Visitor: 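What follows is a single structure, and I will ask about it in a moment.
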Amino acid sequence: MSEEELIALARAAALKAYAPYSRFHVGCAIESVDGDVVTGANLENACYRLGLCAEQSALAAAQHQFGLASIARIAVAGGNPSSGELTGEATCTPCGGCRQAILEAAHLAGRDIHILSANGSGTQVERHMIMDLIPRSFGPTNLADVQD
Ligand code: THU
């Protein structure tokens, strides 16, 4: 799948967000090494701190569809859905918690994961690798002292 197609899926997924509190809609599309794709969107709650990010939602779908170890590339887009399609200028890079969650999949896979961060309108894209987005991170090896 092309970058444009994966970003288009993330932008479309954002329209399904449940975000009545922030009104900021985020969509995420995750592609596997075999080219399968799952999507997710943010899911907010009246108890604000219980809200779920789009990336976490899509990661759960990926876990069930093809497994976290098969994740190759992730597109994220965030913005304003009010005109019937996602719009907005600022690129949406994954929050710190989502970086940590994506990093877990990279450790499981034994390789880095590509991140495409798009603005709402899909006209701007930043390209990163998850290991660059969360340097000096906490990961499975930090738990070595309590493992058998
Ligand atoms: N959000 C995401 O879904 N992903 C991110 O990486 C950044 C933030 C959501 C959480 C909340 O529902 C809204 O965007 C505003 O922060």
Side-chain angles (χ1 to χ4, degrees), residues 1-33 35-140 142:
M1 178 173 290
S2 70
E3 280 190 359
E4 291 73 19
E5 288 171 320
L6 198 63
I7 290 165
L9 289 176
R11 291 180 64 232
L15 299 179
K16 297 182 188 167
Y18 176 68
Y21 306 107
S22 72
R23 295 187 293 141
F24 185 67
H25 281 220
V26 184
C28 178
I30 299 182
E31 184 179 46
S32 76
V33 287
D36 296 323
V37 178
V38 292
T39 60
N42 50 335
L43 170 62
E44 296 185 348
N45 192 280
C47 180
Y48 294 170
R49 68 184 178 82
L50 296 181
L52 188 67
C53 285
E55 295 92 325
Q56 300 269 17
S57 162
L59 282 168
Q63 177 186 8
H64 290 270
Q65 189 68 27
F66 44 72
L68 298 176
S70 294
I71 293 174
R73 198 161 52 144
I74 298 179
V76 184
N80 187 334
S82 60
S83 63
E85 71 164 338
L86 200 69
T87 60
E89 296 308 311
T91 50
C92 188
T93 44
C95 77
C98 289
R99 293 178 195 202
Q100 181 75 28
I102 295 166
L103 186 74
E104 187 77 18
H107 282 304
L108 201 58
R111 61 185 144 64
D112 218 338
I113 291 175
H114 296 261
I115 310 287
L116 300 172
S117 291
N119 65 352
S121 304
T123 53
Q124 301 287 333
V125 182
E126 286 182 43
R127 295 166 188 80
H128 300 285
M129 303 302 293
I130 191 60
M131 303 254 185
D132 296 327
L133 285 182
I134 184 163
R136 302 196 58 73
S137 57
F138 183 89
N142 295 97

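As the structure lists them, so they are numbered: ligands from 1, and atoms in each ligand from 1. All of these numbers come straight from a predicted model, not from anything done at the bench. By convention here, the first residue in the shown sequence is residue 1. What's counted below: heavy atoms across the whole structure, side chains too, no hydrogens, waters or symmetry copies.
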Visitor: So which protein heavy atom does atom 7 (C) of ligand 1 come closest to, and at what separation?
Guide: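 Sorting protein heavy atoms by distance from atom 7 (C) of ligand 1 puts Cys95 CB, 4.1 Å first.
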Visitor: Hey, is atom 3 (O) of ligand 1 under 4.0 Å from any protein heavy atom?
Guide: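 Yes, there is a protein heavy atom closer to it than 4.0 Å.
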Visitor: Taking atom NE2 as the centre, does His114 end up with more than 12 heavy-atom neighbours from other residues, nucleotides or ligands that are less than 6.0 angstrom away?
Guide: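 Result for NE2/His114: open.
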Visitor: Give the numbers and elements of all ligand 1 atoms closer than 4.0 Å to a heavy atom of Glu44.
Guide: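 Counting atoms of ligand 1 from 1, those under 4.0 Å from Glu44 are 11 (C), 12 (O), 13 (C).
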Visitor: Of all the atoms in ligand 1, which lie at a distance below 4.0 Å from a heavy atom belonging to Pro94?
Guide: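 Checking each atom against Pro94, I get 6 (O).
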Visitor: Considering only the protein, which heavy-atom contact is closest to atom 9 (C) of ligand 1, and what is its distance?
Guide: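 The protein heavy atom lying closest is Asn42 ND2, 3.6 Å.
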Visitor: Taking all non-hydrogen atoms of both residues into account, name the closest pair between Met131 and Ala106 and its distance.
Guide: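 Here Met131 and Ala106 meet closest at CE-CB, 4.1 Å.
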Visitor: For ligand 1, which atoms, with element, lie under 4.0 Å from some heavy atom of Ala54?
Guide: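 Those qualifying, in numeric order: 2 (C), 3 (O).
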Visitor: For atom 10 (C) of ligand 1, what is the closest protein heavy atom, and at what distance to 0.1 Å?
Guide: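 Of the protein heavy atoms, Cys53 SG, 4.0 Å lies nearest.
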Visitor: Could you please spell out the steps behind the side chain to side chain contact (heavy atoms under 4.5 Å, CB included) verdict for Phe66 and Val38?
Guide: CA-CA 9 Å; Phe66 44 72; Val38 292; 4.0 Å; yes
Visitor: Tell me which part of Ser22 gets within contact of ligand 1: side chain, backbone, both or neither, using heavy atoms under 4.0 Å.
Guide: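 Side chain only.
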Visitor: Can any side-chain N or O of Glu126 pair as donor or acceptor with the backbone N or O of Thr91 at less than 3.5 Å?
Guide: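 No; zero donor-acceptor contacts below 3.5 Å.
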Visitor: Are more than 12 heavy atoms, taken from residues, nucleotides or ligands other than Phe138, located less than 6.0 Å from that residue's CZ atom?
Guide: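 Yes, enclosed.
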Visitor: I'd like to know whether ligand 1 has Ala19 as a neighbour, heavy-atom separation below 4.0 Å.
Guide: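 Contact absent.
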Visitor: Between Arg127 and Glu3, does at least one N-O distance fall below 4.0 Å, as a salt bridge requires?
Guide: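 Salt bridge between Arg127 and Glu3, a charged N being under 4.0 Å from a carboxylate O: yes.
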Visitor: Could you tell me, atom by atom, which parts of ligand 1 come under 4.0 Å of a heavy atom of Val26?
Guide: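 Close to Val26: 1 (N), 2 (C), 3 (O), 4 (N), 9 (C), 14 (O).
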Visitor: Grab the two heavy atoms, one from His107 and one from Pro140, that are nearest each other, plus how far apart they are.
Guide: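 Where His107 meets Pro140 most closely, the heavy atoms are CD2-CD, 3.4 Å.
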Visitor: How far apart are the closest heavy atoms of Ser117 and Pro94, and which atoms are they?
Guide: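 So the two residues come closest at OG-CD, 3.7 Å.
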Visitor: Mark up the atoms of ligand 1 that fall under 4.0 Å of a heavy atom belonging to Glu55, in ascending order.
Guide: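 Matching atoms, with element in brackets: 2 (C), 3 (O), 4 (N), 5 (C), 6 (O).
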